[in-house]
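These values consider heavy atoms only, across backbone and side chains, with no hydrogens, waters or symmetry-generated copies.
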Amino acid sequence: METLLALQSGFATSLSLGNLGAALTGAALGIVVGAIPGLGSVTGIALLLPLTFGMDPTTAVILLAALYYGCMFGGAYSAILLNIPGDAPAVMTALDGYPMAKRGEGGKALFSANIASFIGGTTGIVALSFMGPLLAEIGLMFGPPETAALILLALCSIGWMLGDNIAKGLMATMLGILLAVVGIGSTFGHARFTLGSMHLLNGVSFIPLVIGMFGFCQLLEMMTDRPKPGEGPKQIPLRAAIPSRRETLRLLPVSLRSGLIGTLVGILPGAGATTGAFLSYMVQRKIGRNGAEMGKGAVEGVAASEAGNNGAAAGSFAPLLSLGIPGSGTSAVLLGGLMMWGLQPGPLLFATRPDFVWGLVSSMYIGTVMAVIAAMLIIPFLMQILRIPISVLIPVIGTVCVFGAYSVNGSMFDVWLMLGFGVAAYYLKAADFPIAPLILAFVLTPRLESSIRRSFDISNGDPWIFVSSPISVTLVSVICALILMSVVGAGVNWMRKRAAQ
């Protein structure tokens with residue numbers, strides 16, 4: 001009852017004309033920023049932050065928070081229509097969204113992504129409203145050893161979850177890990193695998209990598225394997241692209257479950273929306289009825305990924321507001337903004353500035369509704385992309401790839417890097433190597449490395465710290481079981497082949 005009364009007073013704050021306009025503006029900007037490859041929520045908030053210093057703190061944070069979860073909506077658009085993820089979490093959406101678009105179901109994929117984003121984000125906001133401090137305490141249970149074990153579990157899973165061939169999936173994962181350690185190490189400051197290039201001292205940039213391996217690789221495939229007249233995606237009327245009531249009800253349990261998983265992942269320091277999207281996708285693939293179809297154009301895959309990353313975006317506000325601990329890179333930027341406005345996140349914030357806290361939380365409900373309405377309204381225009389002839393689409397995608405890669409650092413080196421990764425991905429796919437494990441390993445490895453290093457610093461180099469708590473013991477046990485299952489499965493297959501000979 002106390003929470004409901006606080007929410008009621010929060011809605012009185014967030015429904016003021018200025019705060020309502022801030023939520024609408026932030027949601028609309030977030031959709032645009034998320035849909036543009038090379039930007040993402042961290043860049044969008046960092047660019048907008050200086051413009052908000054003259055605003056009321058509540059209005060400013062409502063604007064930035066709306067931009068954050070608006071980005072989660074927009075990231076799916078370029079992933080589904082062009083196979084170019086707008087940000088890292090949308091990598092999982094592209095696995096099923098783009099195959100649906102190639103079948104002429106791009107509109108249905110977009111509508112499903114927005115429905116799942118709304119359900120997953122709302123699930124996270126409800127959890128934040130009623131269990132914010134409790135969720136923050138759960139997040140505190142995951143120290144560096146537990147976080148390292150969780151990320152290692154994800155790395156051990158992606159190789160065989162996202163590829164038909166376990167060995168090739170694991171090789172792609174290892175290649176992603178190798179690319180992630182290029183540059184100056186965060187621990188000792190030594191240059192690693194830079195080949196003497198100054199451009200690689202900061203490591204391989206994520207945007208040129210993902211644009212090259214998804215977007216430019218797709219461009220090469222379109223150039224070398226053009227559809228015959230009458231083939232390829234067909235334009236479908238808008239009414240047929242809207243999911244039916246039965247299809248929407250089928251997405252409901254997937255979105256609720258994935259939103260809850262994403263929320264729990266979002267409260268973990270450093271986990272982020274990418275991890276939430278992947279774990280939600282992995283769970284759906286394991287327990288869903290059509291897990292074998294995921295990765296080939298299953299709408300449940302789109303829903304699981306989008307609900308997971310939106311749930312994680314909302315969940316990251318729990319440790320930020322309750323403990324002052326950012327759960328992602330985006331919330332870390334928000335933390336800096338809060339401190340500049342003289343607000344000190346932590347347990348006392350709920351008591352000293354309830355108008356700010358509950359105004360922000362209530363505005364997230366409003367902003368999410370605005371984001372899904374705005375997202376739905378632009379889908380009919382986005383569907384026109386499916387009508388563009390391939391002779392026009394190829395140079396358009398090529399231009400997006402070049403500008404997206406160049407926009408990161410304003411460097412032509414990133415453009416050449418993108419082109420090189422695109423060619424490499426083309427030949428990897430021709431040899432049946434999955435690309436998604438490589439990208440996810442690249443994203444997760446820096447967090448794994450920093451968590452392992454902090455764990456060893458805490459224990460003075462004692463490796464037993466990774467089995468010193470029930471959570472880490474459980475996660476390590478699951479990792480060992482997965483490895484054992486893979487080895488046993490490979491051995492059984494080898495014996496069957498020998499027996500068949």
With Glu306 as reference, evaluate Ser255, Ser112, Ser117 under the side chain to side chain donor-acceptor pair (under 3.5 Å) test and give the passing residue. Ser117
Closest heavy-atom pair and its distance - Val265, Leu279: CG2-CD1, 3.7 Å
Decide yes or no on side chain to side chain contact (heavy atoms under 4.5 Å, CB included) for Met418 and Val402, but give the supporting numbers first. CA-CA 8 Å; Met418 179 272 294; Val402 171; 4.2 Å; yes
Hey, does Arg257 have a side-chain heavy atom less than 4.5 Å from the side chain of Gln284? yes
Main-chain N/O of Gly297 paired to Asp96 side chain as donor or acceptor, under 3.5 Å: yes
Only pairs at least two apart or in different chains count here, so list each side-chain hydrogen bond (donor to acceptor under 3.5 Å, both in side chains) that has a residue in residues 202-211. Ser205-Asn409
Under the rule for ring pair (Phe, Tyr, Trp, His ring centres under 6.0 Å), what residues qualify as partners of Phe466, not counting sequence neighbours? Phe456
Here the pair of heavy atoms bringing Thr123 nearest to Thr263 is C-OG1, 4.3 Å
To the nearest 0.5 Å, what is the distance between OG1 (Thr474) and CG (Leu150)? 12.0 Å
Working to the nearest 0.5 angstrom, can you tell me the gap between Leu484 CG and Ile479 CD1? 13.5 Å
Has the side chain of Arg192 got a donor or acceptor atom that lies under 3.5 Å from a matching backbone atom of Val181? yes
Does Ser305 reach the main-chain N or O of Gly301 with its side chain, forming a donor-acceptor pair under 3.5 Å? no
How many angstroms lie between atom CD1 of Ile115 and atom CG of Leu251, to the nearest 0.5 angstrom? 6.5 Å
Check residues 428-446 and write down every donor-acceptor pair under 3.5 Å in which the side-chain atom is one partner and the other belongs to a residue at least two apart or another chain.
| from | atom 1 | to | atom 2 | distance (Å) |
| --- | --- | --- | --- | --- |
| Lys429 | NZ | Glu221 | OE2 | 3.2 |
| Thr445 | OG1 | Ala441 | O | 2.6 |

Are Lys296 and Leu95 close enough, and set up right, to give a side chain to side chain contact (heavy atoms under 4.5 Å, CB included), and what steps lead you there? CA-CA 7 Å; Lys296 303 174 184 176; Leu95 296 181; over 6 Å; no
Please walk me through it: do Tyr281 and Thr93 pass side chain to side chain donor-acceptor pair (under 3.5 Å)? CA-CA 9 Å; Tyr281 188 94; Thr93 306; over 6 Å; no
So how far is it from Thr122 OG1 to Leu256 CG, rounded to the nearest 0.5 Å? 9.5 Å
Residue pair Ala149 / Val476: nearest heavy atoms and the distance that separates them: CB-CG2, 4.4 Å
Residues Ala90 and Ala76: closest non-hydrogen pair is CB-N, 4.4 Å
With a 4.5 Å cut-off on side-chain heavy atoms, are Phe421 and Val204 touching? yes
Residues at least two apart in sequence or cross-chain that pass side chain to side chain contact (heavy atoms under 4.5 Å, CB included) with Ala375, listed by chain then number, are Ile31, Phe73, Tyr77, Asn114
Contacts of Glu146 that satisfy salt bridge (Lys or Arg N to Asp or Glu O under 4.0 Å) - sequence neighbours left out: none
Would you call Glu300 and Arg250 a side-chain contact if the rule is heavy atoms closer than 4.5 Å? yes
Point-to-point distance, once rounded to the nearest 0.5 Å, from CG of Asn310 to CZ of Phe118: 11.0 Å
The test is side chain to side chain contact (heavy atoms under 4.5 Å, CB included); show your working for Ser129 and Tyr365 and say whether it passes. CA-CA 10 Å; Ser129 302; Tyr365 289 95; 2.8 Å; yes
Are the side chains of Met174 and Leu170 in contact, using a 4.5 Å heavy-atom criterion? no
With side chains defined as the heavy atoms from C-beta onward, is the minimum distance between Val302 and Met92 less than 4.5 Å? no
Pairing residues for Tyr427 by the ring pair (Phe, Tyr, Trp, His ring centres under 6.0 Å) criterion, not counting sequence neighbours: none
For a quick test of reading the model, state the closest non-hydrogen atom pair linking Gly97 to Ala109 and the distance between them. O-CB, 4.3 Å
If we ignore hydrogens and angles and just use 3.5 Å, is the side chain of Ser280 paired with the main-chain N or O of Ser258 as donor and acceptor? yes
What one should report as the nearest heavy-atom pair of Asn83 and Ala94 is OD1-CB, 3.7 Å
Run Tyr98 and Leu81 through side chain to side chain contact (heavy atoms under 4.5 Å, CB included) and show every step you take. CA-CA 6 Å; Tyr98 187 69; Leu81 297 176; over 6 Å; no
Atom CE of Met171 with >12 non-hydrogen neighbours under 6.0 angstrom: no
Can you tell me how far OG1 of Thr399 sits from CG of Leu219, rounded to the nearest 0.5 angstrom? 9.5 Å
